[in-house]
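Any value given below was found using the heavy atoms of this structure, including those in side chains, with hydrogens, waters and symmetry copies removed. We name chains A, B, ... by the order of the sequence lines, and we start the count at 1 in each one.
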Protein chains: 2
Amino acid sequence: MPGEFELIRRHFASARCAQPGDGLALGIGDDCALLALPAGEQLVVSTDTLVAGRHFPDPCDPFLLGQRALAVSVSDLAAMGAEPVAFTLAISLPEADSCWLDGFVRGLEQMARRCAIRLAGGDTTRGPLTLTLTVLGRVPSGQALTRSGARPGELLCVGGPLGLAAGALPLVLGQQQVAAHLARPLLEQYWTPMPQLDLGRQLRGRASAVLDVSDGLLADCGHLARASGVALWIDRERLPLSPGLLAVAGRAQAMDCILSGGDDYVLAFTLPETALAGLDAPGVRVIGRVTGGHGVHLLDGQGQEVTPLRRGYVHF
Amino acid sequence: MPGEFELIRRHFASARCAQPGDGLALGIGDDCALLALPAGEQLVVSTDTLVAGRHFPDPCDPFLLGQRALAVSVSDLAAMGAEPVAFTLAISLPEADSCWLDGFVRGLEQMARRCAIRLAGGDTTRGPLTLTLTVLGRVPSGQALTRSGARPGELLCVGGPLGLAAGALPLVLGQQQVAAHLARPLLEQYWTPMPQLDLGRQLRGRASAVLDVSDGLLADCGHLARASGVALWIDRERLPLSPGLLAVAGRAQAMDCILSGGDDYVLAFTLPETALAGLDAPGVRVIGRVTGGHGVHLLDGQGQEVTPLRRGYVHF
């Protein structure tokens with residue numbers, strides 16, 4: 001008789017995204033999985049842990065969780081300009097609920113298909129719901145995008161809307177209700193952030209420094225500024241403010257979500273102005289510039305430095 | 001002010017085994033790590049989770065735990081005939097105890113040095129002590145060792161002693177005391193199992209099927225037999241019985257440790273008799289043979305099939 005956790009393992013092993021093909025030579029079932037990497041490419045790897053009640057609400061829809069967990073991890077590959085190849089999933093579960101597993105695996109499969117990534121293996125243990133994903137990608141040798149190349153004179157850009165996921169939190173947690181047409185874009189950004197893989201690809205050879213905004217714009221720009229040894233100046237008036245976020249959060253809170261909310265999973269990057277031409281990415285906005293110095297500085301419409309509400313990032 | 005978990009991250013980032021070099025082009029600190037893989041090689045990947053109180057005693061010596069956690073994971077690379085390249089570590093900790101972290105990182109470093117593997121990244125969360133390691137290795141394309149190639153007429157072998165780690169459990173848990181010279185080899189095998197990387201390397205092109213014994217000899221031979229579509233016959237009299245294990249466990253219990261104890265992390269493999277010559281591995285023993293059919297069968301000294309005490313594997 002297979003045990004409860006052997007049944008869970010089979011659940012994952014039979015997922016569509018766990019079948020060999022496209023670089024996955026050998027999948028779940030042996031001591032290790034086996035992957036092919038084309039000549040002239042480097043391997044990119046990142047590990048993220050998501051804990052129920054800290055990184056996502058508990059309980060929540062397992063389908064949405066499956067999508068979100070994978071998207072959040074693949075976003076790190078986008079930030080390196082990498083192509084997704086495969087991921088492993090270590091999951092801790094309080095019990096084997098086949099209905100929950102069905103939904104979760106379907107969510108994983110959906111996001112795996114959209115990102116062209118395969119499930120290569122993992123491990124299952126009993127315990128409070130926790131997910132650790134390790135994502136593997138590939139990038140032409142020497143072309144990976146890092147945080148450390150920003151230079152004075154360059155522009156600071158973001159790849160898409162900010163603050164929506166943070167603005168969605170009161171809706172996700174059931175603490176607030178708003179009209180469906182306002183809630184939808186916020187909830188979509190929270191539950192189904194689409195890793196900006198195409199933008200990452202286009203930034204290879206163009207951008208000098210890239211990361212994905214996960215801890216909040218100010219905090220992550222701080223990481224980029226520190227790694228590059230430069231100062232970043234953000235024009236508050238250039239930050240995109242969506243009507244949905246404004247309606248849900250009000251102006252002051254909306255700006256706080258944009259600057260410090262976290263969970264955005266859009267790319268922030270620096271590049272010379274000449275490199276901006278030819279970038280085929282409608283969501284990209286220039287939000288500031290790079291100078292010598294250090295730290296992240298916020299400017300109002302008159303070019304005066306202002307102090308944000310907060311800089312840190314607090315999980316709920 | 002860096003937070004408690006930022007301090008933990010720095011602890012790992014400054015570990016000797018986390019410094020770039022030897023295939024690790026970019027380590028901890030960016031969105032992803034970056035690895036080089038020589039042309040003509042495939043990537044091998046495996047993920048394992050270890051939970052305190054289930055997969056190791058809690059509390060325990062953090063130095064020994066660091067060694068053991070990495071060894072257990074690297075053993076999966078040995079079973080594929082792979083060379084270790086890098087690993088990621090997702091660690092959940094109830095608190096940031098710098099003394100504990102010092103010991104744990106030193107243990108990781110020691111085993112990383114012995115296995116020539118580097119720490120490429122990871123994640124830190126607060127919670128009950130849990131470790132998820134993803135190990136990455138490389139193997140010449142097409143030469144990875146799997147579980148599925150065993151053929152009738154071949155020999156069944158193991159790469160080293162069995163049952164010692166299971167025999168050590170009562171000592172590890174403080175439930176039994178024996179003379180130090182008897183306890184030492186058992187405790188060493190429990191806390192510092194050395195992944196059989198050299199044996200795995202030698203088995204490339206020689207062995208038809210390989211895995212590492214982690215769930216117990218009978219259970220893992222069952223996996224190999226099922227994957228290969230063969231039957232395995234184990235001669236009980238050929239199983240190595242160490243004096244230490246005999247003294248600690250008594251004859252019946254010692255045999256149970258050998259057959260079903262688990263946590264051995266030695267390789268079990270099948271190969272044609274002609275391939276045995278030239279294998280430079282003093283610990284290897286022939287313990288049985290492969291025939292058509294299915295299942296794992298245990299034979300006594302008279303060649304009669306006998307029933308083992310148990311087949312399963314139960315974590316403490």
Are Thr47(B) and Asp123(A) close enough, and set up right, to give a side-chain hydrogen bond (donor to acceptor under 3.5 Å, both in side chains), and what steps lead you there?
CA-CA 6 Å; Thr47(B) 292; Asp123(A) 201 354; over 6 Å; no

I'd like to know whether Thr270(B) forms a side-chain hydrogen bond (donor to acceptor under 3.5 Å, both in side chains) with Ser208(B), so could you lay out the CA-CA distance, the side-chain angles of the two residues, the decisive distance to 0.1 Å, and finally the verdict.
CA-CA 6 Å; Thr270(B) 57; Ser208(B) 55; 2.7 Å; yes

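Both the backbone and the side chain of Arg126(A) have a heavy atom closer than 4.5 Å to some heavy atom of chain B. Neither the backbone nor the side chain of Leu50(A) comes within contact range of chain B, judged by heavy atoms closer than 4.5 Å. For Ala25(A), the part lying near chain B is the side chain, with the backbone staying farther off; criterion is any non-hydrogen pair under 4.5 Å. Neither the backbone nor the side chain of Val85(A) comes within contact range of chain B; no heavy atom of the residue lies under 4.5 Å from a heavy atom of that chain. For Leu224(B), no part sits under 4.5 Å from any heavy atom of chain A, backbone or side chain. Only the side chain of Thr132(A) comes within contact range of chain B, with at least one heavy atom under 4.5 Å from a heavy atom of that chain. Residue Ala33(B) touches chain A through both its backbone and its side chain, counting heavy-atom pairs closer than 4.5 Å. Residue Thr134(A) touches chain B through its side chain alone, counting heavy-atom pairs closer than 4.5 Å. For a residue to count as touching a neighbouring chain, one of its non-hydrogen atoms must lie under 4.5 Å from one of that chain's; by this rule Val45(A) touches chain B with backbone and side chain alike.
Ranked by heavy-atom pairs under 4.5 Å with chain A, the first of Thr88(B), Val44(B), Leu26(B), Leu34(B) is Leu34(B).
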